[in-house]
Amino acid sequence: MSNTYHRPAPTGDGLRLHLNENTAGCSPKVLEALAHLSATDIAFYPDYDVVYREAAEYLGVADDRLLLVNGLDEGILMSTIGALLRRPDDGSRPEFIVINPAFDMYAITARACGGAVVNVSPRGDFEFPLDGVRAAITPRTRLVFVTSPNNPTGVRVSNDAIQSVARAVPAGAVIFVDEAYHDFCGDTALPLVDSCPNVVVGRTFAKAHGLAALRVGALMAVPDTMDPLRAVTPPYSLNVAAAVALRAAMADRERLAWYVDQVKQSRQLVYEFCTKHGFTFWVSGANFVLARVGPQAGSIVSRLAAAGIHIRDKSADPGCAGCIRVTTGIVEHTRRCLDAMEEML
Ligand SMILES: Cc1ncc(COP(=O)(O)O)c(C=O)c1O
């Protein structure tokens with residue numbers, strides 16, 4: 001597997017249902033706030049006091065348990081670096097457990113930084129493979145990536161399972177709970193961080209809040225776990241536009257609620273479509289649905305792309321033969337995609 005992330009090809013003005021972005025765009029209040037940035041706001045290093053206070057309150061954590069980062073990808077990188085700094089006593093390579101199918105950046109980041117990736121195979125139903133994860137843990141385990149809801153399956157992981165893993169790993173290992181899609185289901189492992197101080201919760205404002213291009217993420221953990229990650233994170237990694245946009249996005253709760261509702265309706269439309277056509281699908285806690293359409297997956301994806309509608313062929317992901325992943329954003333977009341697929345089938 002490559003150590004490099006390959007950015008998907010540009011889509012022009014096509015309908016982007018392939019990267020789980022916010023298909024409605026960010027809140028208009030974000031654009032307003034950005035328009036008010038002054039020349040000195042841009043010229044000076046950003047001051048984070050207010051954005052930290054507001055973000056901590058919004059996320060329901062104390063300031064010293066929060067680290068704002070340049071997108072959750074940076075949070076993954078910083079957590080990986082933190083894990084590498086806790087090298088096993090015998091000097092061997094730290095191991096990173098990746099539960100497949102998984103978000104590409106875990107393995108890419110761990111390998112690029114010199115870690116050893118230990119892959120755990122998916123279960124047929126994509127439920128969390130707790131036994132497989134337990135079996136993969138060794139004295140060299142330094143980080144376990146858990147994603148809930150998972151990307152690309154949308155399947156949620158229970159806090160009981162996360163707690164079992166947190167208790168099974170050796171001292172010095174961290175459980176990175178990636179909650180990039182938290183807003184679309186409300187699940188969170190945050191209540192675990194006191195009883196399991198080795199749990200780090202990651203969030204992004206790229207999805208439900210529509211700030212993907214500005215790059216805003218958050219890590220949350222108890223101070224002893226967070227401080228080493230803070231120490232390796234560049235001091236101004238959140239740029240001023242991202243900080244201003246984050247404040248406006250967090251304040252616009254109405255917009256968030258509206259978008260989450262659109263996503264829920266869209267997911268339902270995809271489920272109904274799959275049921276009608278006899279496709280297996282997985283009930284999703286995220287803003288996308290994975291569906292098994294069979295050997296025609298590739299041709300469906302390329303024919304839709306030719307019609308300007310971009311979805312993802314996930315056939316090459318472990319356990320995902322014949323699967324496509326469709327971002328479920330605003331209802332009108334979902335209908336356009338499903339109508340085009342209906343014509344093809
Ligand atoms: C599971 C998961 N984690 C992290 C990210 C990256 O988030 P960000 O855009 O904030 O770097 C994504 C983006 O698709 C994701 O799916």
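One is the number of the first residue; the rest follow in order along the sequence. Side chains included, hydrogens not; waters and symmetry mates left out as well; all remaining heavy atoms used. Since the structure is predicted, the reported quantities are computational estimates derived from the model, not experimental observations. Atoms within a ligand are numbered from 1 in the order they appear, just like the ligands themselves.
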Taking non-hydrogen atoms only, is N151 closer than 4.0 angstrom to ligand 1 via side chain, backbone, both or neither?
side chain
Does CG belonging to D90 count more than 12 external heavy atoms closer than 6.0 Å?
yes
Is the shortest distance from a Lys or Arg side-chain nitrogen in R65 or D194 to a carboxylate oxygen in the other one below 4.0 Å?
yes
What protein heavy atom sits nearest atom 10 (O) of ligand 1, and how far off is it?
T204 OG1, 2.5 Å
Under 4.0 Å between a Lys/Arg side-chain N and an Asp/Glu carboxylate O for K314 and D317?
yes
If you count the atoms of ligand 1 from 1 in the order shown, which ones are under 4.0 Å from a heavy atom of A206?
9 (O)
Touching ligand 1 at all, T147? Heavy atoms, strictly under 4.0 Å?
yes
Considering heavy atoms of the protein only, find what lies nearest to atom 7 (O) of ligand 1 and give residue, atom and distance to 0.1 Å.
L72 CB, 3.6 Å
I need the nearest protein heavy-atom contact for atom 3 (N) of ligand 1: residue, atom name and distance, please.
D178 OD2, 2.5 Å
Should the pair H310 and H18 be assigned to parallel (<30°), tilted (30 to 60°) or perpendicular (>60°) ring geometry?
tilted
Check each atom of ligand 1 against the heavy atoms of G71 and keep those under 4.0 Å away; list them by number with element.
10 (O), 11 (O)
Side chain of Q163, backbone of L192: donor and acceptor closer than 3.5 Å?
no
Centroid separation F288 to Y181 less than 6.0 Å:
yes
With under 30° as parallel and over 60° as perpendicular, where do the rings of F279 and H277 fit, or are they tilted in between?
parallel
One residue to check: K207. Relative to ligand 1, which of side chain, backbone, both or neither has a non-hydrogen atom less than 4.0 Å away?
side chain
Does the N or O separation between F103 and ligand 1 drop below 3.5 Å for any pair?
no
For atom 16 (O) of ligand 1, which protein heavy atom lies nearest, and how many Å away is it?
Y181 OH, 2.6 Å
Looking at K264 and D261, is there a salt bridge between them, counting it only when a charged N and a carboxylate O are closer than 4.0 Å?
no
Among protein heavy atoms, which lies nearest atom 6 (C) of ligand 1, and at what distance?
D73 OD1, 3.3 Å
Test item: side-chain donor near acceptor, E21 and T327, under 3.5 Å:
no
The answer for which part of F205 has a heavy atom under 4.0 Å from ligand 1 is neither
Can you tell me which residue and heavy atom of the protein come closest to atom 11 (O) of ligand 1, and the distance to 0.1 Å?
R215 NH2, 2.6 Å
